[in-house]
Amino acid sequence: MRCTLRVGVGVTGVCGVLLLGLGIGAIFLFDSLLRDQIKKNEVIKKGSYLYDQWSDIPVPIFMQFWVWDLLNPEEVLKGEKPAVIQKGPYTYSERVVKTNITFHDNGTVSYLQPRTFTFLRNMSVGPENDTFTSLNIPLVTIAELIENERDIVKDLVSVIERLAQETLFMKLTVGGLVWGYNDSLLMDVNKLVPGLLPSTEFGLFMGRKTNGTDGVYSVFTGNGDVTKVNIIDTWDGQKSLNYWSDDPYCNMINGTDGNFFPPFITKDMRATLFSTDICRSVEGEFIRESSVRGIPTYRYEAPERLFQSGDINPANKCYCQNQACLPSGLLNISICKQGAPVIMSSPHFYLGDPSLVDSIIGMHPDPEQHKVYFEVEPLSGILLAAGKRLQANIYVKKIDHIQQTGNVREMFYPILWLNESTFIDPVNADKFKSQVTNNIKLMYGVEYGMIAVGCVLLIMFIILFARLRRRSSTVLGTSDERTSLLNGDTVQ
């Protein structure tokens, strides 16, 4: 009986050690197998799961606009602060299907990325033809261009603008401002100097509503080095930009196109992407572990230093044009937007210099509503949720001899802000779970289950072994006493 018990205890101990060892070994083995499988799947090539997701993005993407409606245009012309209210959202679904896909011998693939926007009335506060009062951007642009011309030139332009009944502020439709409208001032200029202007239309996103593209991308396929998959090699044939003086830092084209990131992301890594909307590369910093529809993710957010003034952050000095740095929170992109005095910021001047918020009545920055963020599944690098929030502003000031500018104060006037967002839908989330997340959970379940059972068996072995030793000691003590009594010894 005692021999059988000892054998059972021994078997328990051996099984515990074996399962514990197998569990620990499985961690290294399964992790290696998982990484090898991801390396095979995370390559852009025809016929692969990733190719289908990459070439025809299946998750819903939305573009929302909020326009700033000016309430006191006459007072602003007299030098008072603008009072504005936001109207929105005006929501569009965004369809992205890559075209002209061409694979190259150097391990890259080039493509165009046309986007088509469809208005969603049920997700909007009103129709596209809703009107509001905004800045006359063509007038301000022309005034800026001739600011340093002779007074007689400015007087002539001012007369032309008066005859055309141009004013600094005007009524616009939401669709017109965003996608384009025939501008009366541009038409008059075109009549005076035919061929001077490429178009008499103006819109902040003109030409991009249907199959609009933002250049030719060439990215690495990941073949041979999966850590480079979807990293941009060139954009429009360039390995770097030529907008920002001669500084290599500001002109770098870094990271991906934002659709997804290379696999095996760690918390100390920065997620980098190139944005043609602001003509520069940006970094997202790891904030915390999160989840999207039950899928574990890493959450990244754009840091405060992104739009920090070059006077405060020396790394941004190269974004200062003519050595004049803007207040924190602003980025002058006129250099890459055909000279229009467009200044980008976060909505409501979030993270900007306090003077910006104070200069416009109606600014209410809110981190939850106005920050840029994205959620990435770290093993695969797949983007599951994102919100790109930007505000377009125009630099405005009084220009002598241009009567339409009145006594307007110098400021950065907000035009609209946008939120381009995505959030994986339930169907694609379930598909992702079945192909990635569930397998990982099963793998970890087997690993840690074996470790847990092994630990339990080892604990049982220790307890049983201790009891067996105690029982053996008791039996041995009783035997010694009996022997002493038989020999005539007295027990005290």
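Numbers for residues simply follow the sequence, beginning at 1.
With sequence neighbours left out, the side-chain contact (heavy atoms from CB on, under 4.5 Å) criterion links I287 to E301. Every residue two or more places apart in sequence or in another chain that forms a side-chain contact (heavy atoms from CB on, under 4.5 Å) with V97 is listed here: D56, R95. Evaluation of the side chain to side chain donor-acceptor pair (under 3.5 Å) rule for K228 yields no partner, not counting sequence neighbours. Applying the salt bridge (Lys or Arg N to Asp or Glu O under 4.0 Å) test to K209 and every residue at least two apart in sequence or in another chain returns E128. Residues that satisfy the side-chain contact (heavy atoms from CB on, under 4.5 Å) test with P262, not counting sequence neighbours, are V229, I231, T256. Scored by the side-chain contact (heavy atoms from CB on, under 4.5 Å) test, F423 finds V292, R293, A385 as partners (sequence neighbours excluded).
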Determine, step by step, whether F260 and Q53 satisfy the side chain to side chain contact (heavy atoms under 4.5 Å, CB included) criterion, reporting the C-alpha distance in whole Å, the side-chain angles of both residues, the deciding distance to 0.1 Å, and the verdict. CA-CA 10 Å; F260 72 94; Q53 304 291 308; over 6 Å; no
Quick one: do K317 and D311 satisfy salt bridge (Lys or Arg N to Asp or Glu O under 4.0 Å)? Show the steps, please. CA-CA 7 Å; K317 193 76 175 179; D311 292 332; 3.2 Å; yes
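Residue H104 places its NE2 atom among more than 12 non-hydrogen atoms of other residues, nucleotides or ligands, all under 6.0 Å distant. In the displayed structure, K171 atom NZ is contacted under 6.0 Å by more than 12 heavy atoms of other residues, nucleotides or ligands. Open room surrounds CG on D105; 12 or fewer heavy atoms of other groups in view lie less than 6.0 Å from it. Within 6.0 Å of CG in N223 there are 12 or fewer heavy atoms belonging to other residues, nucleotides or ligands.
Side-chain contact check for S345 and N393: at least one donor-acceptor pair (N or O, by modelled atom type) lies under 3.5 Å. Judged by distance alone, the side chains of D214 and T276 do bring a donor and an acceptor atom under 3.5 Å apart. Side-chain atoms of Y350 and R389 form no donor-acceptor pair, as typed in the model, at a separation below 3.5 Å.
The two residues N316 and Q308 make their nearest non-hydrogen contact at ND2-O, 2.9 Å. Scanning both residues, I333 and C279, for their nearest heavy atoms gives CB-SG, 4.5 Å. Between P60 and D425 the shortest heavy-atom distance is CD-OD1, 3.3 Å. The shortest non-hydrogen separation linking I415 to S134 is CD1-OG, 3.9 Å. Here the closest heavy-atom approach between residue C320 and residue G310 is recorded as SG-CA, 4.0 Å.
Using a 4.0 Å cut-off between charged side-chain N and carboxylate O, D277 and R208 make a salt bridge.
For the atom pair CG of L172 and CZ of F132, the computed distance is 5.5 Å after rounding to the nearest 0.5 Å. A distance of 8.0 Å separates CG of L383 from CZ of F374, quoted to the nearest 0.5 Å.
A distance of 6.0 Å or more separates the ring centres of Y90 and F65. Annotation: F117 is not in aromatic contact with F205 [ring centroid separation under 6.0 Å not met]. Aromatic pair W179/F119: ring centres not closer than 6.0 Å.
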